Structures are given as C-alpha cells and as structure tokens.
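Note that the structure is predicted; figures quoted are calculated from it, not measured. Computation of the quantities below employed the complete heavy-atom set of this structure, encompassing side-chain atoms and omitting hydrogens, waters and symmetry-equivalent molecules. Naming: A, B, ... by sequence-line order, numbering from 1 per chain.
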Amino acid sequence: MQTFPKKKVEIIVEVALAKRMQETIEALGAKGYTVFPNLRGKGRWGERAKTGVFGVFENVMIVAITGPETAAKILEAARDLTREGIGIAYVSDVDVLRDEHF
Amino acid sequence: MQTFPKKKVEIIVEVALAKRMQETIEALGAKGYTVFPNLRGKGRWGERAKTGVFGVFENVMIVAITGPETAAKILEAARDLTREGIGIAYVSDVDVLRDEHF
Amino acid sequence: MQTFPKKKVEIIVEVALAKRMQETIEALGAKGYTVFPNLRGKGRWGERAKTGVFGVFENVMIVAITGPETAAKILEAARDLTREGIGIAYVSDVDVLRDEHF
C-alpha cells in the first residue's frame, strides 16, 4: 500500500474567530477542512462552554490536511489570529492514500 | 512506562456512508471505533453542513485504533467506499498502554 | 518556522467519568484541555450512543497537549480511571509554535 505523507493542522478557536480562520485556510491553499463544533474547553483563557452567554464562548476545532508548506503557513496564521483571542494550534504527521486530494 | 505502537485511522464521510463504513471497520477486525457527529466541512465536494436539506450533507468522523495491518485494510476500504461519494481518510501513529484492547 | 515537540493525549471515556478525568488532567499539570461531546462508539464494552437511557452511555473525548512527562502521567491516570469503566487512551506527537502555552 503506497501512502503519501501530509501534515494535519488542528486549530481550536472561539466561534467568533472561526469564519476568518476558515477563510484563511482556504486562501493559503488547503483543498478542504473540517469543523468540529460545540467544544468545551479550559485553558489559559479560563473555562469555555457551549452554555456561555449567547454562545460566544463556544469553541470549534478546524482540521486541515495539507502539504508541509501550506501547513506551516496555516499554523503561523493561526498563531497571529489567536494572539489576542482564544485559540491553540498544532501540527502532526499523517499518511494518505490519495495524494491528489490534499 | 511501556507503550505499544498502534495506528489511528480517521475517516471523514457523509452520513449516508457512515453505517457501511462502521460495519466494514468491524468486519476488518478493529475492536472498536468512535464516531464524531455533526461536522461541517468544505472540500473538493463543495460545502457541507448540518443545515443541509434533510441533513444529507452532514459529515461524521470515524476513528479506529488498530494494528498496522488492520489499519491498512480500513484505509483501502475507505478509499473504495468514498470513490464516488464524499470522504477523506488518513492514518497516523499513536501509542497505547493496554496492547490487548486494540 | 521554529516549532516545539509536544505530546497530544486523547482520552475517550463515558460521560460519568469525564469530570474526574478533567480534574485529574489539571491536577497533573496540563495548562488546558478540550472536550468533544456527544460521541457514539462501539468497543469491548458494547455499543454506546447518545440515545442511551438518560444519556449515561454517552462518551466524550478529552484532548490535552502537554510535555512528555505530564502526558505519561495523564495516560497512566486514564488507564487507572477506566480500568473498571468505559474508556481508551492514546498519545501521539504534535508540534506547536508557542512553547509557553503548553
């Protein structure tokens, strides 16, 4: 079985930043992404849950599988976007079967 | 702390394909799997959200931790199942404490 | 781009164990965690879904990004906590940009 190495970027951000982050991911060249909604979390920003007033404290996780250069750009954009707000980002190695999809 | 290397297969598919994928994962020998429902996403298939008509555009992510041979079979099955429909699949390395559970 | 290696611990447990697991993760020194609710799953414990009676069979996934020593402690605590109940845990490698956040 031949596989191709890719990078998985995972970004956890408050809902208020999600749309900008998704647009940035596309603009930087990712062919797709997935959003996991309704996360609870706790971190240096305090506790966040979907029961926040008007849902403003809700978090989402955005996942994108890309090549290494695009992943690096997305990771840096996530760092910049979350510098003032809520968010963390990290990258890891994955293998895919269909190179052309990512 | 002794750990054992395993593979994590992650498959994102439209809801219509999820049940067949879950049955395939079990048939191929995985001892368990987890389903993350209600995902939003965007990719080569266009945009998908839980607000799609009758929910048909909703995606799920299915995660299974297995040995390398089972993971390869699941990955190939996911490729075949999503050839005509919506889906991506990828595999990565994880370490577990309880070898006998996977 | 300079990145820093961290460990990602992922723990899937029944809802009844989630709060104790979250408290343990914080007590062991993690600076944050994220909870993915409403998971379905199947494993050595039988089938679990959010449609279980009173939701008692619902699972969650708790994710924490930490250094290697904290990750090892969390993994062992997860093993102990789930010895009698429902749960699996595994660890993998990730890279982050902001070392001081984890």
Side-chain angles (χ1 to χ4, degrees), chain B residues 1-41 50 55 58-68 70-71 74 90-102, chain C residues 5-15 18 28 34-52 57-63 65-95:
Chain B
M1 185 181 69
Q2 186 186 15
T3 58
F4 301 88
K6 299 291 174 187
K7 293 290 184 182
K8 175 167 71 163
V9 186
E10 294 172 285
I11 304 160
I12 297 169
V13 288
E14 54 181 319
V15 164
L17 297 178
K19 191 166 173 49
R20 275 170 62 200
M21 194 67 239
Q22 292 168 226
E23 291 168 352
T24 300
I25 287 170
E26 287 198 278
L28 292 174
K31 292 189 185 171
Y33 59 80
T34 299
V35 182
F36 295 72
N38 302 331
L39 308 184
R40 301 195 299 265
K50 61 181 296 191
E58 197 173 335
N59 290 339
V60 303
M61 185 165 85
I62 307 169
V63 179
I65 313 290
T66 70
T70 301
I74 293 173
Y90 46 91
V91 64
S92 60
D93 295 318
V94 299
D95 292 303
V96 304
L97 282 185
R98 299 195 287 194
D99 190 35
E100 72 279 11
H101 284 180
F102 300 96
Chain C
K6 300 291 175 187
K7 293 290 184 181
K8 175 167 71 163
V9 186
E10 293 171 285
I11 304 159
I12 297 169
V13 289
E14 53 181 320
V15 164
L28 291 174
T34 299
V35 182
F36 296 72
N38 302 331
L39 308 184
R40 300 196 299 267
K42 196 164 183 179
R44 60 196 162 74
W45 54 74
E47 201 156 352
R48 292 292 177 265
K50 62 180 295 190
T51 52
F57 293 151
E58 197 174 335
N59 290 339
V60 302
M61 185 165 85
I62 307 169
V63 179
I65 313 290
T66 70
E69 295 81 9
T70 301
K73 289 179 197 167
I74 293 173
L75 202 58
E76 291 182 335
R79 179 194 53 196
D80 294 343
L81 188 64
T82 61
R83 209 179 282 276
E84 304 301 326
I86 292 170
I88 63 168
Y90 46 91
V91 64
S92 59
D93 295 318
V94 298
D95 292 302

Among B:V94, B:D93, B:D95, exactly one meets side chain to side chain contact (heavy atoms under 4.5 Å, CB included) together with C:S92. Which residue is that?
B:V94
Any non-hydrogen side-chain atom of C:M61 less than 4.5 Å from a side-chain atom of B:T34?
no
To the nearest 0.5 Å, what is the distance between CG (B:L97) and OG1 (C:T82)?
9.0 Å
What I'd like to find out is whether the side chain of C:R79 reaches to under 4.5 Å of the side chain of B:H101, using heavy atoms alone.
no
d(C:L39 CG, B:Y33 OH) to nearest 0.5 Å is 12.5 Å
Of all heavy-atom pairs between C:L75 and B:M1, which one has the smallest distance, and what is that distance?
CD2-CE, 4.1 Å
Heavy-atom check, side chain of C:Y90 versus side chain of B:K8, under 4.5 Å:
yes
Minimum-distance pair of heavy atoms, taken over all atoms of C:R40 and B:P37:
NH1-CB, 4.0 Å
Are B:E26 and C:K42 packed together at the side-chain level, in the sense that at least one heavy-atom pair is separated by less than 4.5 angstrom?
yes
Identify which part of C:E76 has an atom lying under 4.5 Å from any heavy atom of chain B, answering side chain, backbone, both or neither.
both
By a 4.5 Å heavy-atom criterion (distance strictly below it), what part of C:A72 contacts chain B: side chain, backbone, both, or neither?
both
Side chain, backbone, both or neither: which part of B:F4 has an atom under 4.5 Å from a heavy atom of chain C?
neither
